[in-house]
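I have placed the structure first, in the form of structure tokens, so that the comments after it can refer back to it.
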Amino acid sequence: MTHSKIAIIITAAGSSTRIGGGKKKEYLPYNKGTVLSNCAETFLETCYDLFEITDFIVTCPDGGFEECRNALDSLHLLFYPGIELTICAGDSTRQKSVYNALRAVEGNPDIVLIHDGARPFVTKEVILSSIEAAIEFGASVPGVTPTDTQKEIDEEGFICRHLVRNNLVAVQTPQCFEFNRLFEAHKKARKDGHEYTDDTEIWGAYCGRVKVIPGDINNIKITYPADLEKLL
């Protein structure tokens with residue numbers, strides 16, 4: 001595992017409309033920095049001594065490069081010689097934003113990690129387990145079993161299927177993949193007319209199965225105003 005080359009992509013190109021307050025959730029203050037800078041720092045702290053990091057990319061809204069760079073001011077890049085930060089313009093959907101970031105990869109990584117910039121509580125254990133599983137199986141994602149019983153509903157709002165909770169997972173990030181295969185899958189997905197919700201769905205459509213590794217219930221994505229309490 002220590003000889004693998006990895007690319008790290010942190011996505012922060014969304015509009016943050018559900019959080020309210022007029023400020024992007026990734027740029028909110030947290031732990032002597034921002035939500036985004038803490039995400040970035042955790043990945044560098046975890047991976048720098050164990051892997052060759054070929055690319056370190058953060059996506060942001062098109063035209064928002066300065067604001068994104070300011071949100072990363074507290075990132076201690078001097079502690080990680082050889083690492084260069086690339087800020088990449090996102091697009092109108094997550095799928096398109098990730099594709100832009102994949103195109104910006106200039107190294108030749110074995111594995112690419114894709115992480116939500118609004119998940120600042122990700123742990124080293126989850127990151128390393130995700131990488132290890134991707135190296136072994138080609139693709140991985142952390143997931144947790146939902147605590148509530150899950151139902152599928154029809155278009156009229158009635159339950160149409162009773163799902164088995166133990167067979168379900170709520171997936172998190174980082175989602176990790178063999179880089180070349182994911183990039184080729186993204187190229188195909190751009191042309192098939194379907195909008196994919198995440199990269200595991202693209203991988204599943206064009207490459208195969210994705211290994212689920214144990215996630216962390218604290219690895220939440222800051223989404224709603226109530227989630228801001230967790231930053232205090």
Kindly give the heavy-atom pair with the smallest separation between E41 and L75, and that separation in Å.
OE1-CD1, 3.4 Å
Q172 side chain to D216 backbone, donor-acceptor under 3.5 Å
yes
State whether the side chain of N219 and the backbone N or O of T173 hold a donor-acceptor pair below 3.5 Å, judged by distance alone.
yes
Would you say Y48's side chain and P81's backbone share a donor-acceptor pair under 3.5 angstrom?
yes
With distance as the sole test, does S140 use its side chain to make a donor-acceptor pair with the main-chain N or O of S130 at under 3.5 Å?
yes
Student check: side-chain heavy atoms of I9 and C88 closer than 4.5 Å:
no
Give a yes or no answer on whether the side chain of D198 reaches the backbone of E201 with a donor-acceptor pair at less than 3.5 Å.
yes
For the atom pair CG (L182) and OG1 (T200), what is the distance rounded to the nearest 0.5 Å?
10.5 Å
Would you say I217 has more than 12 foreign heavy atoms packed within less than 6.0 Å of its CD1?
no
Between CD1 on residue I213 and CD on residue E136, distance to nearest 0.5 Å:
12.5 Å
Ring-plane angle category for Y99 and H186, please: parallel below 30°, perpendicular beyond 60°, tilted otherwise.
parallel
Would the number of heavy atoms belonging to other residues, nucleotides or ligands and lying under 6.0 Å from CD of E66 be above 12?
no
State, with a plain yes or no, whether a side-chain heavy atom of P120 is found less than 4.5 Å away from one of L231.
yes
Shortest non-hydrogen separation from L72 to S37 and the atoms involved:
CD2-CA, 3.9 Å
Relative to each other, are the rings of F79 and H76 parallel, tilted or perpendicular (30° and 60° limits)?
parallel
Has D154 got a side-chain atom pairing as donor or acceptor with C160's backbone, closer than 3.5 angstrom?
no
T59 side chain to S97 side chain, donor-acceptor N/O pair below 3.5 angstrom:
no
Tell me if a side-chain donor or acceptor on R181 pairs with a main-chain N or O of C207 at a distance below 3.5 Å.
yes
Enclosure of E106 CD (heavy-atom neighbours >12, cutoff 6.0 Å):
no
Side-chain (K25) to main-chain (T223) donor-acceptor, under 3.5 angstrom:
no
